Amino acid sequence: MSGLLVSVAVPVPLYTAFDYRVPDGLVLHPGMRVRLPFGRRELTGVVLRSGVEPDPAAPDGHYRELLQALDPAPLLTDDALALAQWIADYYRHPIGEVVAAMLPVALRSDEPARIRHEPAYALTDAGRAALATLPARSLRLRVLLQQLADQGALLRAAIAAPAAVLRRALDAHWVVETVAAVAAPVPVPATQPALTADQAAAVAALQAAPGFGVHLLHGVTGSGKTEVYLRAIAEALAAGRQVLVLVPEIGLTPQLLQRVRERFGPVAVAGSHSGLSDAERAQVWLRAATGELAIVVGTRSAVLLPLPRLGLVIVDEEHDVSFKQQDGLRYSARDVAVLRAQRAGAPVLLGSATPSLETLQHAVNGRYQWLRLPRRVRQVPPPQLQLLDVRGLHLQDGLSAPLSAAIGRHLADGGQVLLFVNRRGYAPTLLCHDCGWSAQCRHCDSRMTWHRGRGRLICHHCGARQAAPRACPQCQSRQLLALGQGTERVEEALRERFPGARVERFDSDRLRSLRQLDALLRDTRDGLVNILVGTQMLAKGHDFAGLTLVGIVDADQALYSVDFRALERMGQLLTQVAGRAGRADRPGEVLVQTHQPEHPALRRLVTQGYDGLAELLLTERQIAGLPPYAYLAMLRAEARVEADAIGFLQAALAQLPAVDGVQALGPVPAPMERRAGRYRAQLLLQSPDRSSLHRVLKPWTLELDAIPGARGVRWSLDVDPIDLY
DNA sequence: AGCACGCCGACT
DNA sequence: GTCGGCGTGCTC
Ligand SMILES: [Zn+2]
Ligand SMILES: [Zn+2]
């Protein structure tokens with residue numbers, strides 16, 4: 001037995017790998033899973049390195065022996081392990097947890113990694129004979145046998161016959177189940193539609209720049225970004241490469257997945273909300289690892305899939321905040337995608353109508369190739385945003401008279417109307433008119449939202465709920481006022497005001513499942529719904545051909561926000577929602593209710609669109625020293641005792657290595673200090689360049705666990721945070 | 001994070 | 001007398 005050790009990534013929140021002795025006769029390679037003793041526990045880890053020299057100073061018996069190898073060959077490639085190491089370093093997260101995050105849940109235990117090939121069905125000789133002799137009346141059986149005779153072995157999904165017919169054929173031994181791998185259907189594009197001039201230029205630019213490169217596909221809604229994606233995919237497939245398509249949410253925007261399927265046939269889905277079981281996810285993971293899957297469409301976590309032949313990455317709606325994980329390993333799937341593509345020598349296509357300022361900045365300075373699709377495919381003029389100054393106007397349930405009148409006008413003309421409201425529930429505040437009491441959450445520094453339909457008060461920050469009182473709990477007055485408005489209230493008001501119209505609410509309260517959403521979307525497309533009231537849910541993807549008016553009930557929230565990204569998000573959201581309006585015969589009208597019609601950001605958005613706003617915001621960010629002109633890291637802490645959170649951060653600040661240019665801001669209490677019964681505080685680091693920031697973070701994070709009192713404090717470090725609270 | 005050990009308060 | 005509270009130490 002050699003005296004050399006292996007270094008193993010163990011799934012525990014510790015910033016180190018652990019070295020083990022190898023049992024006699026076992027040959028281990030990096031990437032193989034192993035069972036190991038860990039303290040008093042037994043865990044599954046992944047070998048990172050073999051041939052590790054033992055520390056001569058280590059006492060006898062320091063190194064324990066691995067129990068067994070779980071895989072005959074590495075499950076993770078060297079490339080995957082290097083990616084894990086990069087992610088662990090960059091996001092300052094324990095290597096064992098990063099490696100675990102790269103594996104599907106089913107393979108984090110001691111389960112064997114076996115591909116279960118979907119059975120295929122093949123015609124037997126007896127079946128071939130039967131085909132000649134079967135009576136004509138056994139039509140469906142004949143069709144089945146004929147299909148197999150013509151096309152060879154087929155997967156179940158490719159067989160047209162119903163289950164009962166296939167069963168009969170199997171029972172008669174005319175057809176057999178076979179495990180022989182059916183040649184994966186080579187996705188051959190069906191006929192491709194002609195490109196517009198803009199699309200053709202974008203496709204040509206992509207073709208002219210093979211290999212790694214980041215391309216921003218900046219196209220207005222309806223400009224045909226998807227067709228450019230599909231051409232790029234076809235190109236990568238033709239070169240025998242795998243394609244990864246990242247989308248914000250599979251469920252809410254099935255259009256892209258559907259278009260890819262229409263063009264290329266079966267496509268694997270991955271990530272959250274993919275509707276797959278743990279076992280199915282493991283199968284997708286394993287088949288991606290073999291290179292068998294040509295195209296994978298997935299959400300954030302799909303960027304961690306093993307893709308040995310990766311030849312193209314597409315990030316659709318690249319500005320979407322859901323690409324950044326908001327807990328645990330806080331990685332940005334968009335940024336990891338760029339890194340992966342670089343390592344694979346593949347192009348990345350970042351698509352958006354409203355690119356993030358980070359991406360836009362790279363395009364401006366030429367690091368990213370800027371591909372623009374400024375025109376809609378169908379020659380519909382883009383909708384024009386119009387500010388509706390509501391100062392001094394009476395607002396009934398949040399709606400001004402001019403907005404109501406516009407709604408009536410559009411309905412009378414047979415148009416559909418969309419009202420965008422950024423809040424769920426009936427009203428965000430319930431206030432006693434007599435004594436000033438308002439419904440506060442017991443666990444948070446926040447008011448509870450009145451959900452009138454359900455007769456409840458619900459805290460949107462911690463989920464706490466209670467029955468809505470009929471009288472003031474403090475003074476028994478019945479004068480309870482609903483302040484502000486959510487979707488429920490606007491919906492109700494519109495029902496009263498337009499009794500003949502069908503009003504439907506689109507939010508997560510009303511639509512508990514995708515089926516319900518689909519049903520309502522279908523009714524909307526069929527013209528059965530006249531007014532749509534909804535949250536962000538309506539901002540994405542869906543095209544409503546009959547929609548002629550979009551109303552933004554309250555654009556002001558973002559204008560008062562302390563979050564430095566609030567205006568960027570407002571611009572993205574309003575532009576997206578506005579993009580829903582307009583139909584073939586006339587441009588859409590978009591009315592934005594505001595109390596601040598002179599606000600420079602709002603003015604810029606209206607007069608010059610998102611691109612103009614982005615230019616303004618970039619200038620402001622540069623002056624303020626904020627991303628993309630600076631790099632941030634946020635250390636957050638929360639504790640049951642108020643002083644503990646701040647105390648921990650003060651201790652952390654005292655440990656902060658001094659590096660030129662890196663500034664600490666704080667610690668300060670979080671904007672909402674108490675949430676879900678815990679007190680929260682934060683310490684922000686700001687740096688003019690990435691490398692200085694990381695020179696600080698690397699030694700610093702190693703010290704944080706050792707801070708006295710760190711035990712009772714939950715803390716996390718967020719590199720490149722998107723929310724500053 | 002687990003899971004131990006360890007040393008002080010109110011129970012059968 | 002012990003059952004159990006959570007402080008703190010460690011995991012190759
Ligand atoms: Zn009262
Ligand atoms: Zn709450």
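Note on naming: letters A, B, ... go to the chains in the order of the sequence lines (proteins, then strands), and numbering restarts at 1 for each one. Worth knowing before you read on, the calculation uses all heavy atoms, side chains too, and leaves out hydrogens, waters and symmetry mates. Predicted model, so just to flag it, every value in this text is computed and none were measured.
- Within the nucleic acid shown, A:Tyr20 comes within 4.0 Å of sugar-phosphate atoms alone, with no base atom in reach, counting heavy atoms only.
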Report, one line per pair, each donor and acceptor closer than 3.5 Å where one atom sits in a side chain of residues 439-446 of chain A; sequence neighbours left out.
from	atom 1	to	atom 2	distance (Å)
A:Gln440	NE2	A:Ser438	OG	3.2
A:Asp445	OD2	A:Glu673	N	3.4
A:Asp445	OD2	A:Arg674	N	2.8

Only pairs under 3.5 Å count here: list side-chain donor-acceptor contacts from residues 51-59 of chain A, not counting sequence neighbours, and write none if there are none.
from	atom 1	to	atom 2	distance (Å)
A:Asp55	OD1	A:Ala57	N	2.9

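- Rounding to the nearest 0.5 Å places CG of A:Asp320 at 6.5 Å from CD of A:Glu249.
- Judged purely by atom type and a 3.5 angstrom limit, A:Arg287 has no side-chain atom pairing as donor or acceptor with the backbone of A:Gln283.
- A:Leu357 places a side-chain heavy atom less than 4.5 Å from the side chain of A:Arg621.
- Under the ring pair (Phe, Tyr, Trp, His ring centres under 6.0 Å) criterion, A:His461 pairs with no residue, sequence neighbours left out.
- Protein chain A contacts DNA chain C over a range whose 5' and 3' limits, counting nucleotides with an atom under 4.0 angstrom from a non-hydrogen atom, are C:dT8 to C:dC12.
- Within the nucleic acid shown, A:Leu36 has no heavy atom closer than 4.0 Å to any nucleic acid atom.
- Atom CZ of A:Arg49 sits about 11.0 Å away from atom CG of A:Leu4, to the nearest 0.5 Å.
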Protein-to-nucleotide contact annotation, 5' to 3' order, nucleotides 3-9 of chain B [B base; S sugar-phosphate only; - none; under 4.0 Å, heavy atom]: BS-----

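- Residue pairs meeting the ring pair (Phe, Tyr, Trp, His ring centres under 6.0 Å) criterion with at least one partner in residues 275-298 of chain A, sequence neighbours excluded, do not occur; the list is empty.
- A:Pro11 comes within 4.0 angstrom of no nucleic acid atom, judged by non-hydrogen atoms across all strands.
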